[in-house]
Every structure is written in C-alpha cells, then in structure tokens.
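Written out below as structure tokens is the structure these notes cover.
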Amino acid sequence: MREVGAICMNIHKASEDYLEAMLMMQEKHGYIRSIDVAAQLGVTKPSVSYSTKRLREAGYITMDGDSYITLTDTGMEIARRMYERHKLLTEFFIRLGVDSETAREDACKVEHDLSEKTFEAICEHAKRSHGEDNG
C-alpha cells in the first residue's frame, strides 16, 4: 500500500513504472501511445496491453478510440511522485560520486521501496549539502 498525498492505494512497482513512463512520454511527445511505453520500458506490446488494461480498471488511465492514453488525476499524481523521486534520487547519487548511468539505474530500483521518511531525510540532507557547496 502506498500513500500519495491523502490517497492510500495498492499499487505495484510495475504499475508505478508504467505510470512514470507514461508521464515521460507525455512530456516528451505531448501524447502517450502503448508502443512508446513498450519501447521506453523495454517490454513487449502484449505486456503493455495487459498492464494498460489493469491501469484502466484501477482508474489510473483512460484510452480513447485511437488508443491514445491519458493519465487520470490519480494516475498523474502517482506518476509525478515517482518521477520526482527518480530525479531527486538520481541527483543525490550523482552528488555522492556515482556516474550518471548507474545513478539513474539505482534511483529506479530504490524509488519504489524507499519509505517516505527516508526519502524526506535524503532530500533534507541533499538540500543542506547543496547549500554548503554553494555557500
């Protein structure tokens, strides 16, 4: 169970990955298509088909007649949260001296499992450390 804002929900790591990838597609192309999500995540079209069906049933996305995907408000909230975690953790790992590719990969691994309390502590530490670097 994840808590996103005031919303508590059961959502799996894979679903979070899909929603995050969809947000990235939306920002990059202005639209979301299943084929782009498959390419982004390195999965098959049938896998995306199965996952989009589940995400639709859960109320995280809608699909129009041309198979374009739209994130619902709840889906967007989860996607933004995961994307923000990913970006902040990647930046934190890079500041620790990790190369950018490894930092991105590791951020993807831990962004789902890190407690909110630990994530906030990392953010606070990063702010303090960044302030010392600039001050």
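Below, each value reflects all heavy atoms present in this structure, side chains not excepted, and no hydrogens, waters or symmetry copies.
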Just verifying a value: how many Å separate [X] [atom1] and [Y] [atom2], rounded to the nearest 0.5 Å?
X      : Y      : atom1 : atom2 : result
Lys127 : Glu124 : NZ    : CD    : 4.5 Å
Ile78  : Tyr18  : CD1   : OH    : 15.5 Å
Arg80  : Leu71  : CZ    : CG    : 9.0 Å
Met25  : Tyr31  : CE    : OH    : 9.5 Å
Ile35  : Lys45  : CD1   : NZ    : 4.5 Å

Can you tell if the side chain of [X] reaches within under 4.5 Å of the side chain of [Y], non-hydrogen atoms only?
X      : Y     : value
Lys53  : Ile61 : no
Thr102 : Phe93 : no
Arg54  : Tyr60 : no
Ser100 : Thr90 : no
Met24  : Gln40 : yes
Arg33  : Ile69 : no
Glu111 : Glu20 : yes

Before accepting this row, confirm whether a basic side-chain N of the pair Arg81/Glu84 lies closer than 4.0 Å to the acidic partner's carboxylate O.
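Glu84 and Arg81: not salt-bridged.
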So, Lys109 and Glu105, do they make that salt bridge, N to O below 4.0 Å?
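Glu105 and Lys109: not salt-bridged.
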Quick one: does any side-chain atom of [X] pair with a main-chain N or O of [Y] as donor and acceptor, under 3.5 Å?
X     : Y     : answer
Thr72 : Gly59 : yes
Arg56 : Met63 : no
Ser51 : Ser47 : yes
Asp64 : Asp66 : yes
Thr52 : Ser49 : yes

Looking only at heavy atoms, which two atoms of Arg104 and His86 are closest? And how far apart?
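Taking every non-hydrogen atom into account, O-CE1, 3.3 Å.
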Mark yes or no: Lys87 above the aromatic ring of Tyr83, with NZ or CZ under 6.0 Å from the six-membered ring centre and no more than 45 degrees from the axis.
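Pair Lys87/Tyr83 counts as cation-pi.
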Determine whether Leu114 and Val98 fall in the same hydrophobic cluster, where Ile, Leu, Val, Met, Phe, Trp and Tyr are linked whenever their side-chain heavy atoms lie under 4.5 Å apart.
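They do share one cluster, since a chain of ILVMFWY contacts under 4.5 Å joins Leu114 to Val98.
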Side-chain heavy atoms nearer than 4.5 Å, only ILVMFWY residues, links allowed to pass through others: does that put Val110 and Ile94 together?
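As far as the 4.5 Å side-chain criterion goes, Ile94 and Val110 are not connected within one cluster.
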When you look at CG of Asp73, are more than 12 heavy atoms from neighbouring residues, nucleotides or ligands closer to it than 6.0 Å?
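No, not enclosed.
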Greater than 12 external heavy atoms within 6.0 Å of Glu101's CD:
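No, not enclosed.
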